[in-house]
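For reference, the structure discussed in these notes is given below.
Predicted model only: the values in this text are computed from it and were never measured. Both ligands and their constituent atoms are indexed starting at 1 by order of listing.
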Amino acid sequence: MTPTPVDIPTLLEISPQGGIEGRSRRYEKFLGDMDGVYRDEHAWQDAVGERGTDDLVYWVDDHRYQEGPGALIVGTSTLLPGRYGEEFAVTRGHLHAVADRAELYYCLSGRGVMLLETLDGQTSAIELTPGQAVDVPGHWIHRSVNVGDEPFVTLFCYAADAGQDYGVIAEAGGMKNLVIADGDGWALAPNPDHTGYRAD
Ligand SMILES: O=P(O)(O)OC[C@H]1O[C@H](O)[C@H](O)[C@@H](O)[C@@H]1O
Ligand SMILES: [Fe+2]
């Protein structure tokens with residue numbers, strides 16, 4: 001009988017500022033990649049005018065030993081602070097392509113909100129500060145939002161076969177809720193451009 005191949009355990013050095021020594025890859029998103037993400041198009045254009053399309057807005061390090069079912073992807077996400085009109089800086093956000101795949105997000109530094117929505121209209125927003133985590137069940141669209149003035153850094157872990165569906169938010173005119181500035185804090189506001197999600 002052929003033995004089942006095993007992957008090699010790996011030590012990962014995780015920085016509270018984001019970044020993994022021993023990562024498989026790093027991916028970076030720039031201001032120019034965020035076209036159409038913010039509701040206030042003019043505010044985003046103004047930011048592009050000031051900072052240029054090549055300004056770094058978030059970056060992700062991850063470690064993966066294989067893509068197969070049963071394996072995990074472990075990584076850090078570092079979302080820089082920012083405001084576009086009333087809206088705080090966000091990641092693009094996605095639903096897992098294999099929609100039932102869950103994900104853990106543990107806050108390493110900064111202050112953020114995990115904005116969560118389902119295709120059938122449920123919504124949730126969970127604030128995270130260092131030491132707090134959110135266990136995101138499958139079938140929830142998720143996006144990180146930085147509501148502080150320092151980088152918002154999370155450690156995440158999800159199934160290696162999950163994949164990301166980015167179209168779901170774009171096709172719906174954005175997420176149902178926006179995370180906007182409210183005094184020194186944040187508040188949720190309904191997004192008037194949201195047209196509802198496609199059926200599951
Ligand atoms: O993929 P985005 O929505 O741009 O967000 C950036 C990253 O966020 C999370 O941390 C996910 O686990 C990553 O897989 C993802 O790539
Ligand atoms: Fe995810």
What does the 4.0 Å heavy-atom contact list look like for ligand 1? Tyr27, Tyr58, Val60, Ser77, Thr91, Arg92, Gly93, His94, Glu103, Tyr105, Phe156, Tyr158, Gln164, Tyr166
Side-chain donor-acceptor pair under 3.5 Å between Trp140 and Gln122, yes or no? no
In terms of the angle between their ring planes, are Tyr105 and Phe156 parallel, tilted or perpendicular, with boundaries placed at 30° and 60°? tilted
Exactly one candidate in His139, Glu103, Arg101 meets side-chain hydrogen bond (donor to acceptor under 3.5 Å, both in side chains) with His96; the answer is Glu103
Under-2.8 Å protein N/O/S neighbours of the Fe ion (ligand 2), ordered by chain then residue number: His94 NE2, His96 NE2, Glu103 OE1, His142 NE2
As a test of understanding, state which of Val134, Val147, Val90 forms a side chain to side chain contact (heavy atoms under 4.5 Å, CB included) with Val113. Val147
Check side-chain hydrogen bond (donor to acceptor under 3.5 Å, both in side chains) between Glu50 and all other residues, then give those that pass, not counting sequence neighbours. none
To the closest 0.5 Å, what do you measure between CD (Gln164) and OH (Tyr158)? 4.0 Å
Are Thr76 and Leu108 side-chain neighbours, meaning at least one heavy-atom pair lies under 4.5 Å? yes
Under 4.0 Å between a Lys/Arg side-chain N and an Asp/Glu carboxylate O for Arg39 and Glu87? no
Which pairs with one or both residues in residues 58-71 pass side chain to side chain donor-acceptor pair (under 3.5 Å), sequence neighbours excluded? Asp7-Gln66, Arg23-Asp61, Arg25-Asp62, Arg26-Asp61, Tyr58-Arg92, Asp62-Arg64, Arg64-Glu67
